[in-house]
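Comments concern the structure below.
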Amino acid sequence: GQNIDQPTEMTATEGAIVQINCTYQTSGFNGLFWYQQHAGEAPTFLSYNVLDGLEEKGRFSSFLSRSKGYSYLLLKELQMKDSASYLCAVPYDYKLSFGAGTTVTVRA
Amino acid sequence: GAVVSQHPSWVICKSGTSVKIECRSLDFQATTMFWYRQFPKQSLMLMATSNEGSKATYEQGVEKDKFLINHASLTLSTLTVTSAHPEDSSFYICSANEGGNEQYFGPGTRLTVT
(Lines give C-alpha, C1' and ligand atoms only; values in the text may rest on other atoms or scores of the structure.)
Protein backbone atom coordinates (compact mmCIF):
# COMPACT_ATOMS: atom_id res chain seq x y z
CA GLY A 1 0.00 0.00 0.00
CA GLN A 2 0.88 3.65 0.09
CA ASN A 3 1.69 5.64 3.19
CA ILE A 4 1.74 9.40 2.68
CA ASP A 5 2.42 11.85 5.45
CA GLN A 6 2.17 15.64 5.42
CA PRO A 7 1.58 18.24 8.12
CA THR A 8 -2.01 19.11 8.92
CA GLU A 9 -1.78 22.88 9.07
CA MET A 10 0.63 25.71 8.41
CA THR A 11 0.25 29.45 8.84
CA ALA A 12 2.34 32.13 7.20
CA THR A 13 2.31 35.84 6.53
CA GLU A 14 1.54 37.46 3.21
CA GLY A 15 4.74 37.82 1.19
CA ALA A 16 6.56 35.09 3.09
CA ILE A 17 7.70 31.63 2.01
CA VAL A 18 6.21 28.35 3.16
CA GLN A 19 7.52 24.84 2.61
CA ILE A 20 5.12 21.89 2.78
CA ASN A 21 6.81 18.55 3.28
CA CYS A 22 5.52 15.19 2.16
CA THR A 23 7.02 11.80 2.92
CA TYR A 24 5.80 8.68 1.23
CA GLN A 25 6.27 4.95 1.15
CA THR A 26 5.14 3.17 -1.96
CA SER A 27 5.98 0.13 -4.01
CA GLY A 28 6.93 0.93 -7.58
CA PHE A 29 7.40 4.69 -7.63
CA ASN A 30 5.73 6.47 -10.56
CA GLY A 31 6.16 10.08 -9.63
CA LEU A 32 4.54 12.43 -7.16
CA PHE A 33 1.82 15.02 -7.66
CA TRP A 34 0.97 18.20 -5.80
CA TYR A 35 -2.54 19.60 -5.99
CA GLN A 36 -4.10 22.76 -4.60
CA GLN A 37 -7.65 22.63 -3.34
CA HIS A 38 -9.69 25.63 -2.22
CA ALA A 39 -12.57 24.95 0.13
CA GLY A 40 -15.59 23.56 -1.69
CA GLU A 41 -13.74 23.16 -4.96
CA ALA A 42 -12.01 20.31 -6.76
CA PRO A 43 -8.23 19.91 -6.68
CA THR A 44 -6.19 21.68 -9.31
CA PHE A 45 -2.88 20.38 -10.60
CA LEU A 46 0.29 22.12 -9.44
CA SER A 47 3.19 19.84 -10.25
CA TYR A 48 4.35 16.35 -11.11
CA ASN A 49 7.86 15.20 -10.18
CA VAL A 50 9.37 12.01 -11.50
CA LEU A 51 13.08 12.76 -11.27
CA ASP A 52 15.09 14.01 -8.31
CA GLY A 53 15.59 17.70 -7.93
CA LEU A 54 13.78 20.99 -7.88
CA GLU A 55 11.27 22.10 -10.47
CA GLU A 56 10.29 25.73 -10.44
CA LYS A 57 7.06 27.10 -11.82
CA GLY A 58 6.61 30.75 -11.03
CA ARG A 59 5.98 31.25 -7.31
CA PHE A 60 5.58 27.52 -6.74
CA SER A 61 8.41 24.98 -6.77
CA SER A 62 8.42 21.28 -6.04
CA PHE A 63 11.32 19.11 -4.94
CA LEU A 64 11.73 15.35 -4.99
CA SER A 65 14.22 12.95 -3.47
CA ARG A 66 13.33 9.39 -4.44
CA SER A 67 16.01 7.83 -2.25
CA LYS A 68 14.56 9.56 0.81
CA GLY A 69 10.91 9.15 -0.13
CA TYR A 70 10.52 12.87 0.32
CA SER A 71 9.07 15.82 -1.51
CA TYR A 72 8.27 19.39 -0.69
CA LEU A 73 6.20 22.14 -2.21
CA LEU A 74 7.62 25.62 -1.84
CA LEU A 75 5.29 28.60 -2.04
CA LYS A 76 7.03 31.96 -2.39
CA GLU A 77 5.72 35.52 -2.12
CA LEU A 78 2.60 34.25 -0.47
CA GLN A 79 -0.67 35.87 -1.40
CA MET A 80 -4.00 35.70 0.39
CA LYS A 81 -5.41 33.62 -2.45
CA ASP A 82 -2.86 30.91 -1.66
CA SER A 83 -4.85 30.01 1.46
CA ALA A 84 -5.96 26.50 0.56
CA SER A 85 -5.32 22.83 1.17
CA TYR A 86 -2.30 21.32 -0.56
CA LEU A 87 -2.43 17.63 -1.36
CA CYS A 88 0.47 15.34 -2.03
CA ALA A 89 -0.44 12.27 -4.12
CA VAL A 90 1.36 9.25 -5.53
CA PRO A 91 0.13 7.02 -8.35
CA TYR A 92 -0.35 3.30 -7.85
CA ASP A 93 -2.10 0.79 -10.08
CA TYR A 94 -3.29 3.67 -12.31
CA LYS A 95 -4.96 5.27 -9.30
CA LEU A 96 -3.90 8.13 -7.03
CA SER A 97 -3.36 7.87 -3.32
CA PHE A 98 -3.69 11.21 -1.56
CA GLY A 99 -2.15 12.46 1.61
CA ALA A 100 -4.46 14.03 4.17
CA GLY A 101 -3.62 17.49 2.90
CA THR A 102 -1.96 20.51 4.47
CA THR A 103 -4.16 23.52 5.14
CA VAL A 104 -2.20 26.70 4.57
CA THR A 105 -3.54 29.91 6.04
CA VAL A 106 -2.04 33.15 4.80
CA ARG A 107 -2.39 36.10 7.16
CA ALA A 108 -2.06 39.75 6.29
CA GLY B 1 -7.67 21.14 -22.86
CA ALA B 2 -8.42 18.20 -20.52
CA VAL B 3 -11.64 19.59 -19.08
CA VAL B 4 -13.93 17.48 -16.93
CA SER B 5 -17.43 18.60 -16.03
CA GLN B 6 -19.84 17.37 -13.39
CA HIS B 7 -23.56 17.80 -13.12
CA PRO B 8 -25.18 18.87 -10.94
CA SER B 9 -22.90 21.16 -8.94
CA TRP B 10 -25.03 20.69 -5.89
CA VAL B 11 -28.13 18.71 -5.04
CA ILE B 12 -30.41 18.36 -2.06
CA CYS B 13 -32.49 15.23 -1.78
CA LYS B 14 -34.70 13.56 0.76
CA SER B 15 -33.61 10.52 2.70
CA GLY B 16 -34.49 7.31 0.87
CA THR B 17 -34.38 8.76 -2.62
CA SER B 18 -31.71 8.23 -5.29
CA VAL B 19 -29.46 10.81 -6.87
CA LYS B 20 -27.50 10.59 -10.11
CA ILE B 21 -24.30 12.54 -10.71
CA GLU B 22 -22.79 12.83 -14.18
CA CYS B 23 -19.12 13.17 -15.03
CA ARG B 24 -18.04 14.09 -18.55
CA SER B 25 -14.68 14.55 -20.22
CA LEU B 26 -15.34 17.42 -22.61
CA ASP B 27 -12.34 17.48 -24.90
CA PHE B 28 -10.71 14.09 -24.58
CA GLN B 29 -11.58 10.44 -24.37
CA ALA B 30 -11.14 9.14 -20.87
CA THR B 31 -9.55 5.75 -20.55
CA THR B 32 -10.50 5.58 -16.93
CA MET B 33 -12.74 7.62 -14.67
CA PHE B 34 -12.52 7.79 -10.90
CA TRP B 35 -15.05 8.69 -8.23
CA TYR B 36 -13.97 10.23 -4.94
CA ARG B 37 -15.78 11.32 -1.82
CA GLN B 38 -14.54 14.04 0.47
CA PHE B 39 -15.90 14.86 3.91
CA PRO B 40 -15.23 18.27 5.48
CA LYS B 41 -11.59 18.86 6.34
CA GLN B 42 -10.60 15.43 5.09
CA SER B 43 -8.72 14.31 2.02
CA LEU B 44 -10.13 12.69 -1.06
CA MET B 45 -11.08 9.07 -0.63
CA LEU B 46 -11.28 6.97 -3.76
CA MET B 47 -14.59 5.15 -4.03
CA ALA B 48 -14.26 3.35 -7.34
CA THR B 49 -12.52 3.17 -10.68
CA SER B 50 -14.46 2.71 -13.87
CA ASN B 51 -13.53 1.85 -17.43
CA GLU B 52 -15.82 2.24 -20.39
CA GLY B 53 -17.93 -0.82 -21.01
CA SER B 54 -16.86 -2.77 -17.96
CA LYS B 55 -17.91 -3.04 -14.35
CA ALA B 56 -16.48 -0.57 -11.89
CA THR B 57 -13.87 -1.64 -9.38
CA TYR B 58 -14.81 -0.53 -5.90
CA GLU B 59 -12.44 0.25 -3.07
CA GLN B 60 -12.66 -1.73 0.12
CA GLY B 61 -15.55 -0.63 2.28
CA VAL B 62 -17.55 1.00 -0.52
CA GLU B 63 -20.94 -0.61 -1.10
CA LYS B 64 -21.31 -1.31 -4.79
CA ASP B 65 -25.07 -1.79 -4.51
CA LYS B 66 -25.45 1.61 -2.93
CA PHE B 67 -23.13 3.54 -5.19
CA LEU B 68 -23.97 2.45 -8.72
CA ILE B 69 -21.47 3.43 -11.38
CA ASN B 70 -22.15 3.30 -15.08
CA HIS B 71 -19.50 4.12 -17.66
CA ALA B 72 -21.44 4.02 -20.90
CA SER B 73 -18.96 5.82 -23.14
CA LEU B 74 -15.40 7.13 -23.21
CA THR B 75 -16.66 10.55 -22.18
CA LEU B 76 -19.38 9.84 -19.63
CA SER B 77 -19.57 8.12 -16.27
CA THR B 78 -22.44 8.34 -13.81
CA LEU B 79 -22.62 7.73 -10.09
CA THR B 80 -26.00 6.97 -8.57
CA VAL B 81 -26.37 7.16 -4.82
CA THR B 82 -29.28 4.86 -4.06
CA SER B 83 -31.50 5.11 -0.99
CA ALA B 84 -29.53 8.11 0.19
CA HIS B 85 -29.15 8.79 3.89
CA PRO B 86 -27.90 11.89 5.71
CA GLU B 87 -24.50 10.23 6.26
CA ASP B 88 -24.09 10.13 2.47
CA SER B 89 -23.98 13.92 2.46
CA SER B 90 -20.57 14.76 1.10
CA PHE B 91 -18.59 16.33 -1.72
CA TYR B 92 -18.35 13.90 -4.64
CA ILE B 93 -15.58 14.50 -7.16
CA CYS B 94 -14.86 12.65 -10.37
CA SER B 95 -11.67 12.60 -12.35
CA ALA B 96 -10.53 11.16 -15.63
CA ASN B 97 -7.27 10.29 -17.32
CA GLU B 98 -6.13 9.57 -20.83
CA GLY B 99 -4.01 6.60 -19.90
CA GLY B 100 -1.20 8.28 -18.01
CA ASN B 101 -0.86 8.95 -14.31
CA GLU B 102 -2.28 12.46 -14.32
CA GLN B 103 -5.93 12.82 -13.47
CA TYR B 104 -8.13 15.73 -14.48
CA PHE B 105 -10.70 16.60 -11.87
CA GLY B 106 -14.27 17.71 -12.26
CA PRO B 107 -15.55 20.65 -10.20
CA GLY B 108 -17.33 18.38 -7.72
CA THR B 109 -20.92 17.85 -6.63
CA ARG B 110 -22.13 18.81 -3.18
CA LEU B 111 -24.78 16.34 -2.03
CA THR B 112 -26.97 17.12 0.95
CA VAL B 113 -29.44 14.49 2.13
CA THR B 114 -32.16 15.75 4.42
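Every chain is numbered from 1, with letters handed out A, B, ... down the list of sequences. Note that this is a predicted model, so its numbers are computed, not measured.
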- [ ] Would you check if A:Phe45 and B:Phe105 make a side-chain contact, meaning some heavy-atom pair closer than 4.5 Å?
- [x] no
Task: Euclidean distance, A:Tyr94 OH relative to B:Gln103 CD, rounded to 0.5 Å - done: 13.0 Å
TODO: Spell out, yes or no, whether A:Tyr86 and A:Tyr48 are grouped together once hydrophobic residues are joined by side-chain heavy atoms under 4.5 Å, including indirect joins.
DONE: no
Task: Value rounded to 0.5 Å, distance of CD in A:Glu41 from CZ in B:Arg110 - done: 10.5 Å
- [ ] Give a yes or no on whether B:Met45 atom CE has more than 12 heavy-atom contacts from other residues, nucleotides or ligands under 6.0 Å away.
- [x] no
Open item on the list: Do A:Tyr92 and A:Phe29 sit in one hydrophobic cluster, given that two such residues count as connected whenever their side-chain heavy atoms are within less than 4.5 Å of each other, even indirectly?
Closed with: no
Task: A:Gln37 vs B:Leu44 side-chain heavy atoms within contact, under 4.5 Å - done: yes
Task: Heavy-atom donor-acceptor pair, B:Ser43 side chain to A:Gly99 backbone, under 3.5 Å - done: yes
Task: Contact summary for B:Gly106 and A:Ala42, nearest pair of heavy atoms - done: O-CB, 2.6 Å
Open item on the list: Applying a strict under-4.5 Å side-chain criterion to I, L, V, M, F, W and Y, I'd like to know whether B:Ile21 and B:Leu26 cluster together.
Closed with: no
Open item on the list: With clusters defined by side-chain heavy atoms of hydrophobic residues (ILVMFWY) lying less than 4.5 Å apart, directly or transitively, does A:Phe98 cluster with B:Phe91?
Closed with: yes
Task: Close side-chain approach of B:Leu46 and A:Ser97, heavy atoms under 4.5 Å - done: no
Task: Side-chain heavy-atom pair A:Leu96, B:Tyr36 within 4.5 angstrom cut-off - done: yes
Open item on the list: Heavy-atom count check: over 12 atoms from other residues, nucleotides or ligands less than 6.0 Å from A:His38 NE2?
Closed with: yes
Open item on the list: Out of A:Ser85, A:Pro43, A:Ala89, return the one with the most heavy atom pairs under 4.5 angstrom to chain B.
Closed with: A:Pro43
Task: Part of B:Thr32 lying under 4.5 Å from any heavy atom of chain A - done: neither
Task: Shortest non-hydrogen contact from B:Glu102 toward A:Tyr35 - done: CG-OH, 4.5 Å
TODO: Look at atom NZ of B:Lys66 and say whether more than 12 heavy atoms of other residues, nucleotides or ligands are closer to it than 6.0 Å.
DONE: yes
Open item on the list: Would you say that A:Lys95 contacts B:Phe34 through its side chain, given a criterion of any heavy-atom pair below 4.5 Å between the two side chains?
Closed with: yes
TODO: Identify whether A:Leu87 and A:Phe60 are in the same connected component of the hydrophobic contact network (ILVMFWY, side-chain heavy atoms under 4.5 Å).
DONE: no
